[in-house]
Each structure stands twice: as structure tokens, then as C-alpha cells.
Amino acid sequence: MKKLIVKSRLVDRERFDQQIAGIGMELSPVIWQHERIYLPHDYRPAMNFPRLVMRTEVKTTEQPATYAMYLKRHIEDSGVDWVNYTQVKDYTEASGIVHQLGFRKVAEVSRQRQELRLDERTVVYVDTVDGIDGQFIKLEAELDENESVDALRADLFTILMMLGQETFVMQPYFDLVQNVEQPYLIPR
């Protein structure tokens with residue numbers, strides 16, 4: 001599926017929580033996620049290369065962890081992400097497949113995540129990422145086939161601004177953990 005993803009450092013968590021409560025919505029309970037990020041051996045930034053991620057997720061301590069693998073390919077010139085996601089029954093075997101395909105592990109990211117569905121295709125995440133100060137707000141929206149990328153991007157930036165955000169961050173969390181942050185102003 002094609003997605004547009006924008007994220008920003010959360011400026012004021014208290015204000016954000018008040019805004020969400022004011023429209024009668026509520027974030028989910030905290031979900032713990034741990035991801036191992038793999039890149040192809042010949043990976044180069046800004047070249048539309050894929051990255052593979054193995055995710056462990058725990059929603060409650062009473063339930064067993066779930067495992068998933070997803071492939072994300074960011075298309076630089078459009079800003080669209082192609083995302084393929086599947087549940088994994090055997091984490092060890094799936095990791096072995098990733099290594100046999102020639103991908104190399106480049107980072108591990110742990111986070112605590114809350115989510116809020118705005119509609120059937122748009123979700124807001126609030127992430128606290130281990131190793132990075134502060135919290136992030138991340139919006140993901142599935143792109144319809146005939147929809148304008150620019151119009152959807154403008155909608156997502158409008159939502160960010162309504163939530164008190166003034167800048168957005170383009171780097172994935174694994175870059176931010178390694179202190180490679182470049183905040184960008186939200187276009188108006």
C-alpha cells in the first residue's frame with residue numbers, strides 16, 4: 001500500500017492531550033514496540049532503497065508478544081512510502097530469511113506508542129523513543145489511487161499545525177537515535 005507519513009517533535013504534550021479530549025477522542029493504551037532495522041548491503045540514502053524491519057510488539061503483559069515484518073521503500077521524488085506488512089509466526093526463521101537475502105542489521109529502536117485513528121485510513125501515533133529526548137507525533141495516511149499526493153500532504157500538515165506543531169522531521173527514528181535530526185518548517 002502507498003502511505004504518506006509526516007512526523008514532528010511533540011511541542012506540548014499537555015496541550016495535545018487537551019485538544020484530543022476536547023474533540024471527544026482518546027489515545028490507545030501504551031504499546032511497547034522493538035524494531036530491528038535491516039538495509040540492503042548496497043544501501044545508499046535518498047536512492048529509493050527498501051528497508052526491512054522486524055517488529056516485536058507487546059500490547060499488554062497478559063498477552064504474548066506478536067511479531068511482524070515489514071518492508072518500507074521511500075520514494076524520494078514524491079515523498080510516498082510503499083509499505084508491505086505481514087505477521088510472522090517464527091521470528092527466528094524470519095530473521096534468518098532476512099539475513100540470507102543479504103540485508104544487514106543497522107539499528108534497533110525501542111519505543112512506547114499510543115495511537116488514535118482519525119478515520120479509516122489516517123492514524124496518529126504518539127511515540128516515546130528510547131535514546132531520544134521528548135516525544136514525537138506521527139501521522140500516517142493511506143493514499144488512494146486517484147488521490148493527489150500534494151493535497152493529502154497539505155491535509156496532514158494542516159492537522160500537524162492544528163495540533164500545535166511548527167516543524168516536521170523527515171528522518172526515520174533509527175537516524176534520530178544516532179543524532180541525525182534535521183527539522184523542517186511545515187509549508188504553509
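Note that the coordinates shown come from a computational prediction; the quantities given were computed from them, not determined experimentally. Numbering of residues begins at 1 and proceeds along the displayed sequence. Side chains are part of it too, since the values below use all heavy atoms of this structure and drop only hydrogens, waters and symmetry mates.
Gln87 CD: more than 12 foreign heavy atoms inside a 6.0 Å radius. Within 6.0 Å of the CG atom in Asp144, the count of heavy atoms belonging to other residues, nucleotides or ligands exceeds 12. Counting non-hydrogen atoms of other residues, nucleotides and ligands closer than 6.0 Å to NZ of Lys2 gives a total above 12.
Looking at Arg117 and Glu140, no side-chain N of the basic residue comes within less than 4.0 Å of a carboxylate O on the acidic one, giving no salt bridge.
When atom types are taken as modelled, the side chain of Asp81 and the backbone of Val83 share no donor-acceptor pair closer than 3.5 angstrom. The backbone N or O of Thr92 lies less than 3.5 Å from a partner atom in the side chain of Asp90, making a donor-acceptor pair. When atom types are taken as modelled, the side chain of Ser95 and the backbone of Tyr91 share a donor-acceptor pair closer than 3.5 angstrom. Between the side chain of Ser8 and the backbone N or O of Gln165, no donor-acceptor pair lies under 3.5 Å. Without hydrogens or angle criteria, Gln19 side chain to Met162 main chain gives a donor-acceptor distance under 3.5 Å. Put simply, the side chain of Glu76 never gets that close to the backbone of Asn48: no donor and acceptor are under 3.5 Å apart.
When all heavy atoms are compared, the tightest approach of Ala141 to Thr122 is CB-OG1, 3.9 Å. Smallest separation of non-hydrogen atoms from Ala65 and Val58: CB-CG2, 3.9 Å. Residues Gly79 and Arg153 come closest through the heavy atom pair CA-NH2, 3.6 Å. Arg121 and Asp119 make their closest contact through N-OD1, 2.9 Å (heavy atoms, listed as atom of the first residue, atom of the second, distance). Nearest approach of Val129 to Val109, heavy atoms of both residues: CG1-CG1, 3.8 Å. Across all non-hydrogen atoms, the minimal contact from Arg9 to Asp133 is NH1-O, 2.6 Å.
A 4.5 Å side-chain heavy-atom check between Leu160 and Ile137 finds at least one atom pair inside the cut-off. Looking at heavy atoms from C-beta onward, Phe103 lies out of side-chain contact with His41 at the 4.5 angstrom threshold. Residues Ile159 and Leu118 meet the side-chain proximity criterion, which asks for heavy atoms closer than 4.5 Å.
Taken to the nearest 0.5 Å, the CD atom of Gln112 stands 9.5 Å off from the CD atom of Gln33. One distance of note links CG of Asp130 with CH2 of Trp32; it measures 8.5 Å at 0.5 Å rounding. For the atom pair CE of Met1 and CD of Glu145, the computed distance is 12.5 Å after rounding to the nearest 0.5 Å. Atom CZ of Phe49 sits about 14.5 Å away from atom NE2 of His74, to the nearest 0.5 Å. With rounding to the nearest 0.5 Å, the separation of CG in Asp12 from CG in Leu163 is 11.5 Å. To the nearest 0.5 Å, the span separating CE on Met69 from CZ on Arg36 amounts to 14.0 Å.
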*Check the pair Glu142 / Lys3 against salt bridge (charged side-chain N to carboxylate O under 4.0 Å, His left out), numbers first and verdict last.*
CA-CA 4 Å; Glu142 290 181 31; Lys3 288 186 176 186; 5.7 Å; no

*asked:* Before you tell me yes or no, could you show the steps for Leu139 and Ile5 under side-chain contact (heavy atoms from CB on, under 4.5 Å), namely the whole-Å CA-CA distance, both residues' side-chain angles and the distance that decides it to 0.1 Å?
replied: CA-CA 6 Å; Leu139 281 77; Ile5 302 169; over 6 Å; no

*Could you walk me through whether Ile31 and Glu57 pass side-chain contact (heavy atoms from CB on, under 4.5 Å), step by step?*
CA-CA 7 Å; Ile31 301 165; Glu57 184 172 276; 3.4 Å; yes

*Test log, rule side-chain contact (heavy atoms from CB on, under 4.5 Å), inputs Phe136 and Tyr125*: CA-CA 8 Å; Phe136 291 85; Tyr125 298 110; over 6 Å; no

*Show the numbers, then the answer: is there a side-chain contact (heavy atoms from CB on, under 4.5 Å) between Leu152 and Leu143?*
CA-CA 8 Å; Leu152 181 56; Leu143 187 63; 3.5 Å; yes

*Tell me, with the steps shown, if Glu115 and Lys138 meet salt bridge (charged side-chain N to carboxylate O under 4.0 Å, His left out).*
CA-CA 9 Å; Glu115 61 184 56; Lys138 181 176 178 181; over 6 Å; no

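Side-chain contact, Thr56 with His34: no donor N or O sits under 3.5 Å from an acceptor N or O. In the model, Gln135 has a side-chain atom that pairs as donor or acceptor with a side-chain atom of Thr128 under 3.5 Å.
Each of Leu27 and Val123 belongs to its own hydrophobic cluster when Ile, Leu, Val, Met, Phe, Trp and Tyr are linked at side-chain heavy-atom distances under 4.5 angstrom. Taking hydrophobic clusters as Ile, Leu, Val, Met, Phe, Trp and Tyr residues chained together by side-chain heavy-atom distances below 4.5 Å, Val30 does not share a cluster with Tyr173. Put simply, Met170 and Leu10 are part of the same group of oily side chains (I, L, V, M, F, W, Y) that touch within less than 4.5 Å, one to the next. Note on Leu52: it does not cluster hydrophobically with Val177, by side-chain heavy-atom contacts below 4.5 Å among ILVMFWY residues.
Between Tyr38 and His99, the two ring planes are perpendicular [angle over 60°; tilted spans 30° to 60°].
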